[in-house]
Amino acid sequence: MELILNKFFYLEKLNDKQKEAVEALDGPVLVLAGAGTGKTRVLTTRLAHLLNKKLSMPWEILAVTFTNKAANEMKERVQNLLKIDIDRMWIGTFHSTGLKILRRHSELCSLKSDFTVIDTDDQQRLIKQILESNKIDIKKYTPSNVLWMVQWFKDKAILPEESSKYKFKFGRSINISKLYIEYQERLKTLNAADFGDLLLLPVRIFRENLDILKKYQNQFKYILVDEYQDTDTCQDTFLKLLSQKYKNICCVGDDDQAIYSWRGADVKNILSFPEAYKEVKIIRLEQNYRSTDHILAAASKLIEKNKDRLGKTLWTNSSNGEKIKLYFFEDGKDEAKNVSLEIETLKLKKLKLDEIAILVRASFQTRLFEDRLLKIGIPYRVIGGFRFYERLEIRDAIAYFRIVFKNSDDLALERVFNTPKRGLGNTTLQKLFKYARESKMNLLDASKKIIETDELTLNARNSIKTFIDDINKWKSKINKINHIELAKIILEESGYTRMWINDKSIEAPGRLENLKELISALKDFSNMNEFLEHISLVMENERNYKLDMVNIMTMHAAKGLEFENVFLAGWDEGLFPHQKSLEEKGTQALEEERRLAYVAITRGKKNVFISFAKRRFIHGTWNFSQPSRFLSELPKENIDTNESFFQDDDDLVVNEEEYGSRVKNPNRLLFQNKKDLVENINSYESEYKFKIGDTIFHEKYGYGKIKYIIDGKYEIIFDKLNETKIVLENFIKHA
DNA sequence: AATGCAGCCATTTTT
DNA sequence: TGGCTGCATT
């Protein structure tokens, strides 16, 4: 008896509803999991239960998520529950699952199995080329507009040949369908697929090859989907095709947390799931384990204002929590200052900074908070925004790797053909591209051929020759030395590292630092192909999560996270709900914004602070606004307003004199004399003679460059905030 | 080919 | 305000 109990030990940790969701293994199941109701626990336990009851083998289960983070967490937690070979299970993101399938059958879409996955940047460049060759005015129809339309088709699972039926209001005079077809043709010739293709092409393969579809339908006896409310039509179609046979599909989601409609997600998928499958079992998880009573009550009352929802009522056992604190400020700076003061109080109480988050609606809002925290020396990280692999230098380096390690990669070659400068100007490159296109060759082969003709100037021919020889030399080393060494050699010999060493701009040191980090990231992979495959799908920057820092991010980026203390800044009408979204989609958008507010509030475990500022300096002008309508939708009994707590004067916590004072621009510092400067930087000896243009490292402000030396005073321009963050991290690491 | 300046734009963003 | 793009100048 005890043995049997032990066998399903994991069930004991669940509440009744959770247990029900885990044990309803057969047939379609919809789990409506409110915020903080133990959704991930249910998902992982369900996986373990399926395996444990021997209902299926590991490879017969498909579990899909949206982010790598979620997929990894799922893998880890299943692994902790059961000792099984996790690698044989199909746990992954929609895109990595699609990719895995597409690699096996790519020839059915005229792609070789080693096709490259291109990112948005490459997509844009491709579209631009197509627009230009069609003589379309790229001012009127920008590549990103057209890309958006192409993506719209792909989200809706509309193939190029079907796309002519659809008309866009915008761009009526261009034949978007023709462009879509041409774009897809170009991808084929480049042996490449974009992110949308990773799902669209498998759908096409399934539709056109019933034998293959059947094979996968038979394989996947059980399907699990996380964050189902975020699926777009293509993803939903993918799932419906696969689940047709066994219909053992379990979708977990929360319609109240659907905040990605602008990205193609369609709430209808979750709302109409019961109609799409017969005899759906619907299970609601409503017991919240995350937030205290007031926070939960406020969030619930707010979301009740929405009409379009399946309906849930969250409840909690936890009582006597703090009320939500509501603050009104004069302007954005005032808001940032007082939020940071509150953070300092929390810090004095020895609360972890990791457990503090500042959530905003639009990313420009992070700036003031960054400024402020930088100034008073509270470490922070900005989540989202620019990601590591999207940085210019990283993309360049990866392009080099792609050229050497992949058979032909025109987009990569195009990117770094003249980086560093090889004396190849626009005219040369244009001629080369034209030559390649006309002779239907890839760029590398075309380059080899063209230097035997006299199409180009002698100088151009010579430098292309040198470059090609280099590439061949690197290629010949692939099997001789390990990929990490070879990567270093490529960056050295191509002159790429040198280029940044010689570059005296403010960014250069940071960029070199990033390149080093890229090399060290290679160590986690046994070969370059593995690495390239990984980075084409993973864009996560995990470098700084170990340090104790305040988290700053958008409300969107906060979904799925939780913090003890949450600051919700900028609840001004116009900013949140955002004017633009209301203009675009009216009531529907308002409901989505309200869901965003709901997501934001439910991130908080113990304290939620919400603030409003009367005026803000946005894009060079002062904007005045009213408090967000969402504030009035929060029940009075769950809210506390206490303005008197805050200081009204402009006192700074840090004595500015100590670090040099800020001049006009927030990244400019004026040092009164050399001593003042030397004492605050650590990269030079005191004997060093500073000159204009020198890069210096300041403990608080990071990398800066000397702009002027006047009357013995030194004015330093500090790096853009983006780059400074890294420096700050390093600084904290050393400290 | 490199630099500098005018003009444009500014919601949310993973894979 | 500030960051990026594209065109014009040297």
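So that the names make sense, note that chain A is the first sequence line, chain B the second, and so on, each numbered from 1.
- Around NZ of A:K100, the count of heavy atoms belonging to other residues, nucleotides or ligands within 6.0 Å exceeds 12.
- In this structure, C:dT5 is classed as anti because its glycosidic torsion departs from zero by more than 90°.
- Residue A:T554 places none of its side-chain N or O atoms closer than 4.0 Å to OP1 or OP2 of B:dT11.
- Each of A:K421 and A:M553 has a nearest nucleotide on DNA chain B; the 5'-most of these lies closest to A:K421.
- For the pair A:F195 and B:dT14, the ring geometry does not qualify as stacking, because the centroid separation below 5.5 Å and plane angle under 30° are not jointly satisfied.
- Heavy-atom nearest nucleotides on DNA chain B were determined for A:T428 and for A:H556, and the one closer to the 5' end corresponds to A:T428.
- Not one side-chain nitrogen or oxygen of A:S363 sits closer than 4.0 Å to the OP1 or OP2 atom of B:dT11.
- Distance alone, capped at 3.5 Å, places no donor-acceptor pair between the A:Q257 side chain and the A:V599 backbone.
- A:R616 places no side-chain N or O within donor-acceptor distance of the main-chain N or O of A:N623, the cut-off being under 3.5 Å.
- A:K128 and A:P143 get closest at one heavy-atom pair: CG-CG, 3.7 Å.
- In this model, the phosphate group of C:dG6 is approached by a side-chain N or O of A:K128 to a distance below 4.0 Å at OP1 or OP2.
- A donor-acceptor contact shorter than 3.5 Å links the side chain of A:N418 to the backbone of A:L424.
- Residue A:F617 is classed as a sugar-phosphate contact, given heavy-atom separations below 4.0 Å to backbone atoms only.
- For A:N68 and B:dT14, the shortest distance from a side-chain N or O to OP1 or OP2 is not below 4.0 Å.
- In this structure, the side chain of A:H95 does not engage the main chain of A:L198 through any donor-acceptor pair within 3.5 Å.
- In terms of phosphate contacts, A:R361 brings no side-chain nitrogen or oxygen within less than 4.0 Å of OP1 or OP2 of B:dT13.
- Annotated stems with DNA chain B as a participant read B:1-10 with C:1-10, given as range with range, by first number; only runs of 3 or more Watson-Crick or G-U pairs under 3.5 Å qualify.
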